[in-house]
Amino acid sequence: MTPDFAPDSAAALPVWAVWKGDPLADQAGPWPKASGFSAKPGEICLLPDASGGLAGAFLGLGDRAVASRHRFLMAHAAALPQGIWRPVLPQGLDPDESALGLLLGQYRFARYKGAAHDGGTQFLCPEGADAARIRAQAAGEFLTRDLINTPANDMGPDALEAAARALAQEVGATIAVTTGPDLLDANLPMIHAVGRAAEQAPRLIDLRLGDGGPRLTVVGKGVCFDTGGLDLKPAASMALMKKDMGGAATALGLLRMLALTGAADRMRIRVLLPVVENSVSASSFRPGDVLTSRKGLTVEVNNTDAEGRLILADALALGAEEQPDLMISLATLTGAARVALGPDLPPFYCDDDATAGALSRAAMAVRDPLWRMPLWDGYESQIEPPIADLDNAPSGGMAGSVTAALFLRRFAHGAGRYVHMDIYGWQPVLAPGRPKGGVGQGARAILAALPEILPAAAS
Ligand code: BES
Ligand code: MN
Ligand code: ZN
């Protein structure tokens, strides 16, 4: 499903978005009040014309004073009757946020419930919004959601590779994939170790797009299912682990956004996806194993459930070798990040204050919030075990998202700057434009921050 705005049409009916308490447009007459319309968020009041047909609608936005708690309120318009609608925005509602809300509100995960797919409600792009740029963001986000929502029986490493190949073809990217034992020849031993127990072979997917300008390398965690390995997760913790490829899904969504906005024409993008299933079999890697990474650093496996940092480490080391200007990892890496900041506000880590500041500001501006947390040098000793260079799961687990980020940083040296995002990739409860299920985090923030964090790539 490709999100889009309807072409301009004389037949489009107006939908006035209104804050609670604001006076309604004169043409409404007494009907809205008589029918009890009070502009609660998402409340719809259909307006009849003189002959009993449909003339337009009001859409409630709720209390203006608490609007900052909610994002993408215009997504509620998806509940309007089938037809083409022309949104009319009130003061204080950002056109771009509204436009994106309208498209995000149309997202359905229809793969296993095709018949229930409604659709048929379309919108003109609100005045003042950048239609092409918004469309690109929604298209990237829809891809990310579809990939996360598809369960592991249909989104194993083979299917994730197929999705990457399809996107490569769509945007004109090159793609190279290293699979199974070839990972050992290619010196990507930790990706192999984590993924070798599964039926579908582990692999590294390497996409490239653009041939001039600054280099941006994005590394996405692609654990198609995380059982925890021999350190098996309990049922409640395993339930959602189809989403453990959310970093890879978000990286692919970002690639689509960069391509569709034209940003890819001014930079060299590389997307590296270590893709595995963290599974259980006789060939599983074990607690206590010491792995030698691509970089040569040895890693003691103190928990097979801390698999993400192992596969990312080899991919980051590979990415850093060509010294990109900026390298970013996106990963559903730790439960600790959720304890710290909850599902909606992913922490990110970056040593460069200017880059971090630009990302924070862009993230808030485009409603793709991120919160900076520290790469606290004082905790480095926690990831240094007695018998190897690094420990993948420090005992005690305090500051678990921070120590995971410190672990990754050891492998990212060589990149000009490094950003790590510990995302959740999941919307736990229905919100406007965000049905319960897979959700991209960080991609739109990166896109919005590009002019500052990769200046030569800006238009
Ligand atoms: N994929 C999980 C992290 C995760 C869990 C993200 C729940 C979002 C929600 C990751 O592979 C993991 O299991 N991490 C462990 C690390 C620990 C063993 C050091 C964790 O966070 O418990
Ligand atoms: Mn795990
Ligand atoms: Zn995981």
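Counting starts at 1 for both ligands and their atoms, in listed order. Treat the numbers as computed from the prediction; the structure is a model and nothing was measured.
- The Zn ion (ligand 3) lies under 2.8 Å from an N, O or S atom belonging to Lys221.
- Ligand 1 has Arg309 within reach: a non-hydrogen atom of the residue lies less than 4.0 Å from it.
- Considering backbone and side-chain atoms alike, Asn392 places every N or O at 3.5 Å or more from each N or O of ligand 1.
- Annotation: Lys233 places an N or O atom under 3.5 Å from an N or O atom of ligand 1; distance criterion only.
- Close approach of ligand 1 to Glu307 (heavy-atom distance below 4.0 Å) involves ligand atoms 11 (O).
- Atom NZ of Lys221 and atom CG of Leu333 lie 5.5 Å apart (nearest 0.5 Å).
- Leu273 has its side chain out of reach of Leu204: every pair of non-hydrogen atoms, C-beta onward, lies at least 4.5 Å apart.
- Polar contact with ligand 1: present for Gly335 (N/O pair, distance under 3.5 Å).
- At under 3.5 Å, not a single nitrogen or oxygen of Thr334, backbone or side chain, sits near a nitrogen or oxygen of ligand 1.
- Listed by number with element, the atoms of ligand 1 under 4.0 angstrom from any heavy atom of Asn303 are 18 (C).
- Neither the backbone nor the side chain of Val223 comes within 4.0 Å of ligand 1, counting heavy atoms alone.
- The Zn ion (ligand 3) sits nearest to atom OE2 when only the N, O or S atoms of Glu307 are considered.
- Take the N/O/S atoms of Asp244: the one nearest the Zn ion (ligand 3) is OD2.
- Of all the heavy atoms of Asp244, the ones lying under 4.0 Å from any atom of ligand 1 belong exclusively to the side chain.
- Residue Leu103 holds its CG atom at 6.5 Å from CZ of Phe142, rounded to the nearest 0.5 Å.
- Every N/O-N/O distance between Lys243 and ligand 1 stays at or above 3.5 Å.
- Taking the side chain as every heavy atom from C-beta outward, Leu160 and Met245 approach each other to under 4.5 Å.
- Applying the ring pair (Phe, Tyr, Trp, His ring centres under 6.0 Å) test to His420 and every residue at least two apart in sequence or in another chain returns Tyr349.
- One of the N, O or S atoms belonging to Asp226 lies under 2.8 Å away from the Zn ion (ligand 3).
- Taking CD of Gln427 as the start and CD of Gln441 as the end, the distance is 8.5 Å to the nearest 0.5 Å.
- Considering backbone and side-chain N/O atoms, Lys221 comes within less than 3.5 Å of an N/O atom of ligand 1.
- Close contacts of ligand 1 with Thr332, meaning ligand atoms under 4.0 Å from a residue heavy atom, involve 1 (N), 2 (C), 3 (C), 6 (C).
- In this structure, the side chains of Leu359 and Phe348 come closer than 4.5 Å at one or more pairs of heavy atoms.
- Each protein N/O/S atom under 2.8 Å from the Mn ion (ligand 2) was counted, for a total of 4.
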